[in-house]
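All figures in this text were calculated on a predicted structure; none of them were measured in a lab. Numbering starts at 1 and runs along the sequence shown. Below, each value reflects all heavy atoms present in this structure, side chains not excepted, and no hydrogens, waters or symmetry copies.
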Amino acid sequence: MKKAFAILMICLVAFSAFAQGAAETQAKQTLKVGMVTDSGTIDDRSFNQGTYEGVKKAAEELGWENTYLRPTGTTTSDYVQAIYALYDQGYSFVACPGFLFAEAVAQIQGEVEDLNLVIIDDALSAGIGPKTVAIVFKEQESGFLAGLATALKIKTGDVGFVGGMEIPAVQKFNWGFQQGVKYANDNFGTTVSMKAENFVYSGSFADLALGQQLANAMYARGVKVIFAAAGGTGVGAINEAKNRRLAGQDVWAVGVDVDQYSVGDMGNGQSCILTSAMKDGWCSIRHG
């Protein structure tokens with residue numbers, strides 16, 4: 001789980017420190033690095049947790065303090081308040097993992113000159129400030145490979161998708177996955193079906209029970225593999241796949257963002273995770 005975001009955040013923190021100039025060496029030595037979670041939790045074993053693992057790794061290697069803060073809600077106002085709360089505590093570098101932070105980051109970068117911001121999954125159409133770094137990923141490419149691998153594994157049958165909120169990053173995972181399955185069908189003789197009823201957005205990144213419920217319905221309809229791109233909600237879908245495999249059913253789940261093999265660990269040396277569409281090496285980093 002650590003690799004993708006750990007390496008990413010180390011690079012970003014190093015960029016920020018460099019940008020401040022050698023004259024600020026003392027200030028950099030006492031830099032405090034924070035993160036605000038999105039609508040999910042810090043232990044979602046996916047996007048939030050993977051990002052924070054990177055923040056902690058960067059802070060550990062560079063000798064800086066680190067923490068995270070979960071907002072009281074999921075509105076732009078809630079995110080703004082959380083970012084300012086960290087800033088008021090001396091955190092001069094704040095990572096914001098998710099498309100939902102776009103408006104908050106766009107607002108704050110114009111109000112605070114000495115705050116370094118990182119936003120993940122949005123390129124800030126309003127413009128990237130001089131101390132802001134925006135990271136966007138080619139989710140469709142890793143989704144494509146996951147779809148191709150899925151089709152080649154099962155050869156025939158139905159596949160499904162459980163997304164979180166219907167936002168660009170999640171949509172791209174979905175579209176890429178479908179194109180990967182189609183490519184296998186067109187070029188490798190597989191006959192994998194993708195029925196509309198099995199491709200859904202849950203509207204949440206933090207509802208484990210809902211994820212398990214949606215996966216249960218799909219598997220009951222004969223779906224063999226579910227691509228769970230929904231944070232904590234996706235973990236619920238993975239749990240359903242795990243329970244069914246332990247009961248002897250030949251079903252699988254596809255993880256997202258980080259290597260979720262351990263999330264699907266069944267306690268017998270095996271995992272229900274067929275593969276994971278990871279955000280590792282598929283990104284574009286832009287800064288002001």
Side-chain angles (χ1 to χ4, degrees), residues 2-25 27-38 42 47-69 71 76 79-80 82-87 89-139 141-142 167-169 172 257-258 278-288:
K2 297 180 180 180
K3 182 180 178 183
F5 286 99
I7 294 175
L8 175 61
M9 291 305 297
I10 289 170
C11 292
L12 293 175
V13 173
F15 164 76
S16 177
F18 174 80
Q20 292 180 47
E24 297 181 9
T25 300
K28 288 185 290 184
Q29 290 175 344
T30 57
L31 186 66
K32 299 171 73 173
V33 183
M35 181 190 120
V36 179
T37 67
D38 69 359
I42 198 65
F47 195 57
N48 281 301
Q49 186 172 347
T51 303
Y52 190 53
E53 291 286 350
V55 171
K56 291 192 295 183
K57 182 68 173 177
E60 176 185 324
E61 295 204 0
L62 297 170
W64 295 335
E65 296 181 40
N66 74 90
T67 193
Y68 75 90
L69 183 63
T76 294
Y79 292 142
V80 167
I83 294 169
Y84 270 123
L86 287 175
Y87 176 72
Q89 295 174 47
Y91 287 86
S92 57
F93 189 105
V94 177
C96 304
F99 169 85
L100 299 177
F101 283 96
E103 291 184 5
V105 170
Q107 174 185 325
I108 292 176
Q109 69 178 6
E111 298 175 349
V112 184
E113 295 183 357
D114 60 342
L115 175 61
N116 300 280
L117 292 164
V118 171
I119 180 168
I120 302 174
D121 277 355
D122 193 85
L124 290 183
S125 60
I128 302 171
K131 289 199 173 182
T132 299
V133 175
I135 306 103
V136 290
F137 294 84
K138 298 178 180 178
E139 291 92 352
E141 296 188 6
S142 56
I167 59 176
K172 288 191 289 182
D257 292 332
V258 295
M278 296 172 60
K279 289 186 171 181
D280 186 7
W282 307 87
C283 71
S284 173
I285 300 176
R286 308 171 186 178
H287 56 82

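Distance alone, capped at 3.5 Å, places no donor-acceptor pair between the K32 side chain and the T67 backbone. K279 contributes no side-chain N or O that, together with a main-chain N or O of K138, makes up a donor-acceptor pair within less than 3.5 Å. Under a 3.5 Å cut-off, the side chain of T132 and the backbone N or O of I128 do not form any donor-acceptor pair. In terms of modelled atom types and a separation under 3.5 Å, the side chain of Q109 and the main chain of G127 share a donor-acceptor contact. Panel note: side chain N48, backbone D38; a donor-acceptor pair is recorded below 3.5 Å.
Side-chain contact between I119 and L124 is present, with heavy atoms from C-beta onward closer than 4.5 Å. For the pair F99/P168, a side-chain contact is recorded, criterion being any heavy-atom separation below 4.5 Å from C-beta on. At least one side-chain heavy atom of Y79 sits under 4.5 Å from a side-chain heavy atom of L100. In this structure, the side chains of D121 and P97 stay at 4.5 Å or more apart for every pair of heavy atoms. Counting heavy atoms from C-beta outward, I120 and F137 have side chains that approach closer than 4.5 Å.
Looking at every heavy atom in both residues, L69 comes nearest to A82 through CD2-O, 3.4 Å. The shortest non-hydrogen separation linking M278 to V258 is CG-C, 3.6 Å.
A salt bridge links E61 with K57; the closest basic N to acidic carboxylate O contact falls under 4.0 Å. Under the 4.0 Å criterion applied to side-chain N and carboxylate O atoms, D114 and K131 are not assigned as salt-bridge partners.
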message: side chain to side chain contact (heavy atoms under 4.5 Å, CB included), that's the test. Do I83 and L115 meet it? Break it down for me.
response: CA-CA 10 Å; I83 294 169; L115 175 61; 4.0 Å; yes
task: Show your working on side chain to side chain contact (heavy atoms under 4.5 Å, CB included) between I135 and V118 and close with a plain yes or no.
output: CA-CA 8 Å; I135 306 103; V118 171; 3.2 Å; yes
query: T37 and M35: side chain to side chain contact (heavy atoms under 4.5 Å, CB included), yes or no, with the steps?
result: CA-CA 6 Å; T37 67; M35 181 190 120; 3.9 Å; yes
field: Verdict with reasoning, Y68 to L86, per side chain to side chain contact (heavy atoms under 4.5 Å, CB included)
entry: CA-CA 8 Å; Y68 75 90; L86 287 175; over 6 Å; no
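Side-chain contact check for E111 and Y84: at least one donor-acceptor pair (N or O, by modelled atom type) lies under 3.5 Å. Side-chain polar atoms of N66 and Y91 form no donor-acceptor pair below 3.5 angstrom.
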